[in-house]
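One structure is given here, and the rest of the page talks about it.
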2 protein chains.
Amino acid sequence: MHVQGILSHIKRQVILTPEEEQFFTSLLIPVKLKQGEFIEEAGEITTNFIHVNSGCLMTYYTDKDGNDHVVQFSTAGWWTADLHSLTHQLPSIYSTRALADSEVFLLSKIRLEELLERYPVFERFFRIMFQNSLVTHQNRIVQSLSFTAEERYENFQQKYPQLEQYVPLKYIASYLGMTPEFLSKIRRKRMDK
Amino acid sequence: MHVQGILSHIKRQVILTPEEEQFFTSLLIPVKLKQGEFIEEAGEITTNFIHVNSGCLMTYYTDKDGNDHVVQFSTAGWWTADLHSLTHQLPSIYSTRALADSEVFLLSKIRLEELLERYPVFERFFRIMFQNSLVTHQNRIVQSLSFTAEERYENFQQKYPQLEQYVPLKYIASYLGMTPEFLSKIRRKRMDK
DNA sequence: GTAATTTCTTAATCTAGTTTAAGTCATCAC
DNA sequence: GTGATGACTTAAACTAGATTAAGAAATTAC
């Protein structure tokens, strides 16, 4: 496996030995998926914890009316999975697809458990990662409770300036909890200023 | 320290030795706080990771207009803290107060770090806790993106049936991201059916 | 190179949820 | 016991943001 990428992301906190590196499977995901090719699909049981090495993934929830809602964008260095599905081996409620050609490293449920069992440093690594992720998620909840659509967009631009350049606006609107039409309105209003 | 409570909550996953138990400080928090008495206040640096043994705490965010937004209710067995403030020793953005007379166990930042350092089982314990919490938080984000106010309330009732009995409705409305007036409207509508 | 598909915008209409304001109960202090 | 304070409701007016529909601009497909 080619570990340059994952190393550059993990190394600061955890050092992977060649032995440990073998736990991961590398995979290239094109933006346009062919028949039978996919990452994770709602309804299926999640089998892998995914680490994004390059490109960008999007995790979304499809509601009862068939509308998609973007839960997360995952760029290089991020991890993604339906943790509930992965842990309890129940059908996932999220789907994941690529927004750009992406290289990911897959860590299967079994491999993950082995890794945690054999190398306690990974318990620490994931504890810190989940802890940080929790802060981010709490922040987003606060924003959805107390910010206007415009404030949420401003905040998004400041926090993820690079994302707007290649993620279709309609997905950003979805992530921010508004319609693409309304985001368009906000953008024009800010152009006029 | 009286550890009956914390033991009953933690024991299923982690066994505390008498030595480990000494890391916690017990504290009783009345609903009505007197001058100088408080749990955590926005603006202050968070010093403790709080474990609720009995009663109920509420963590909230005060926005720029002075309006409070409930981020979390913490009943027996839950943990709460502004993790960002605790980790980086920066001013907290959340305040915490009791909704009922409560007994909590405090774990200071230093004690927490010692605990994680000396007893690796706690890395695992908190990793699992944060992981589960992440699932809950992600769920709440999805709900704020795709559920109506009424659906959110229904879901809340099913998930936390006991909370509605003693948490003032205005805080539940805040937690659910709606005004108390609108929650009142929903409740009447459902009474009529 | 042009048809087809997708992305983004504009604008009119509409509605879920807010705001404001007032009134009814409880609870609590003294 | 009564005055004050907080909890909950009702209802009218209002608005942030959704919906619908249509067109413009950009990408992709062959």
Side-chain angles (χ1 to χ4, degrees), chain A residues 30-35 56 58 60 63-70 73 97-101 141 143-157 163-193, chain B residues 30-35 56 58 60 63-70 73 97-101 141 143-157 163-193:
Chain A
V31 187
K32 300 264 162 159
L33 296 173
K34 285 162 201 139
Q35 184 64 24
C56 183
M58 168 180 112
Y60 58 99
D63 69 21
K64 59 185 191 313
D65 302 321
N67 295 116
D68 292 340
H69 302 271
V70 177
F73 296 116
R97 41 162 290 208
L99 290 176
D101 292 338
I141 289 170
Q143 286 188 25
S144 81
L145 290 175
S146 66
F147 284 25
T148 61
E150 192 165 358
E151 287 167 336
R152 261 147 39 219
Y153 177 53
E154 266 167 30
N155 199 278
F156 176 83
Q157 284 190 309
L163 266 185
E164 204 173 349
Q165 278 145 45
Y166 67 95
V167 173
L169 282 172
K170 61 175 183 170
Y171 297 134
I172 293 174
S174 171
Y175 176 86
L176 293 173
M178 67 187 82
T179 58
E181 291 85 354
F182 196 69
L183 178 54
S184 209
K185 211 169 174 175
I186 289 171
R187 281 159 60 83
R188 184 170 48 129
K189 210 170 104 190
R190 300 179 74 236
M191 293 265 288
D192 294 347
K193 281 179 189 169
Chain B
V31 188
K32 301 260 163 165
L33 295 174
K34 287 161 200 141
Q35 185 65 21
C56 183
M58 166 180 111
Y60 59 100
D63 69 20
K64 58 184 193 310
D65 302 323
N67 294 116
D68 292 341
H69 302 272
V70 177
F73 297 115
R97 43 162 290 206
L99 289 175
D101 293 338
I141 289 170
Q143 286 187 26
S144 81
L145 289 176
S146 65
F147 283 26
T148 61
E150 191 165 359
E151 287 167 338
R152 263 148 36 220
Y153 177 54
E154 266 168 29
N155 199 277
F156 177 83
Q157 284 189 309
L163 267 185
E164 203 172 349
Q165 278 147 42
Y166 66 96
V167 173
L169 283 173
K170 60 175 181 169
Y171 297 135
I172 293 175
S174 170
Y175 176 85
L176 294 174
M178 67 187 83
T179 57
E181 291 86 354
F182 196 68
L183 178 54
S184 207
K185 210 170 175 177
I186 289 172
R187 282 160 58 83
R188 184 170 47 129
K189 210 171 104 190
R190 299 178 75 233
M191 292 265 290
D192 294 347
K193 280 178 191 170

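Nothing here was measured: the structure is a model prediction, and the numbers come from that model. Reckoned from all heavy atoms, side chains included, excluding hydrogens, waters and symmetry mates. Here is how names work: the chains are called A, B, and so on, in the same order as the sequence lines, proteins then strands, and each is numbered from 1.
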Would you mind reading off the distance between [X] atom [atom1] and [N] atom [atom2], rounded to a whole angstrom?
{"X": "A/Leu145", "N": "C/dT18", "atom1": "CG", "atom2": "P", "value": "11 Å"}
{"X": "B/Arg152", "N": "C/dG17", "atom1": "CZ", "atom2": "C1'", "value": "9 Å"}
{"X": "B/Asp65", "N": "C/dT18", "atom1": "CG", "atom2": "P", "value": "15 Å"}
{"X": "A/Ile186", "N": "C/dC8", "atom1": "CD1", "atom2": "P", "value": "15 Å"}
{"X": "A/Ile172", "N": "C/dT9", "atom1": "CD1", "atom2": "P", "value": "11 Å"}
{"X": "A/Leu99", "N": "C/dT7", "atom1": "CG", "atom2": "P", "value": "11 Å"}
{"X": "B/Leu176", "N": "C/dG17", "atom1": "CG", "atom2": "C1'", "value": "14 Å"}
{"X": "A/Gln165", "N": "C/dC8", "atom1": "CD", "atom2": "C1'", "value": "17 Å"}

Exercise. Looking only at heavy atoms, what is the nearest atom pair of A/Leu169 and A/Leu183, with distance?
Worked result: O-CD2, 3.6 Å

Exercise. Is a side-chain donor or acceptor of A/Asp63 paired with a backbone partner of A/Asp65 at a separation under 3.5 angstrom?
Worked result: yes

For this session: Check whether any side-chain N or O of A/Ser146 sits under 3.5 Å from a backbone N or O of A/Gln143 as a donor-acceptor pair, and report yes or no.
Result: no

Seminar exercise, completed: From the list A/Asp68, A/Thr179, A/Val70, side-chain contact (heavy atoms from CB on, under 4.5 Å) with A/Ser174 holds only for A/Val70

Are [X] and [Y] packed together at the side-chain level, in the sense that at least one heavy-atom pair is separated by less than 4.5 angstrom?
{"X": "B/His69", "Y": "B/Tyr60", "result": "no"}
{"X": "B/Phe156", "Y": "B/Arg152", "result": "no"}
{"X": "A/Glu154", "Y": "A/Phe147", "result": "no"}

Show me the protein contacts with nucleotides 8-14 of chain D, counting only N or O atoms at under 3.5 Å.
residue : atom : partner  : partner atom : Å
D/dC8   : OP2  : B/Leu169 : N            : 2.7
D/dT9   : OP2  : B/Ser184 : OG           : 2.8
D/dT9   : O5'  : B/Ser184 : OG           : 2.9
D/dT10  : OP2  : B/Arg188 : NE           : 3.2
D/dA11  : OP2  : B/Arg188 : NH1          : 3.4

Exercise. Does the pair A/Glu151/B/Lys64 count as a salt bridge with the N-to-O cut at 4.0 Å?
Worked result: yes

Exercise. Do NZ/NE/NH1/NH2 and the carboxylate oxygens of B/Glu164 and B/Arg187 come within less than 4.0 Å?
Worked result: yes

Exercise. Any side-chain N or O of A/Thr148 less than 4.0 Å from the OP1 or OP2 oxygen of D/dA16?
Worked result: no

Exercise. To the nearest 10 degrees, how far apart in direction are the end axes of the helix from C/dG1-D/dC30 to C/dC30-D/dG1, each fit to five base pairs?
Worked result: 50°

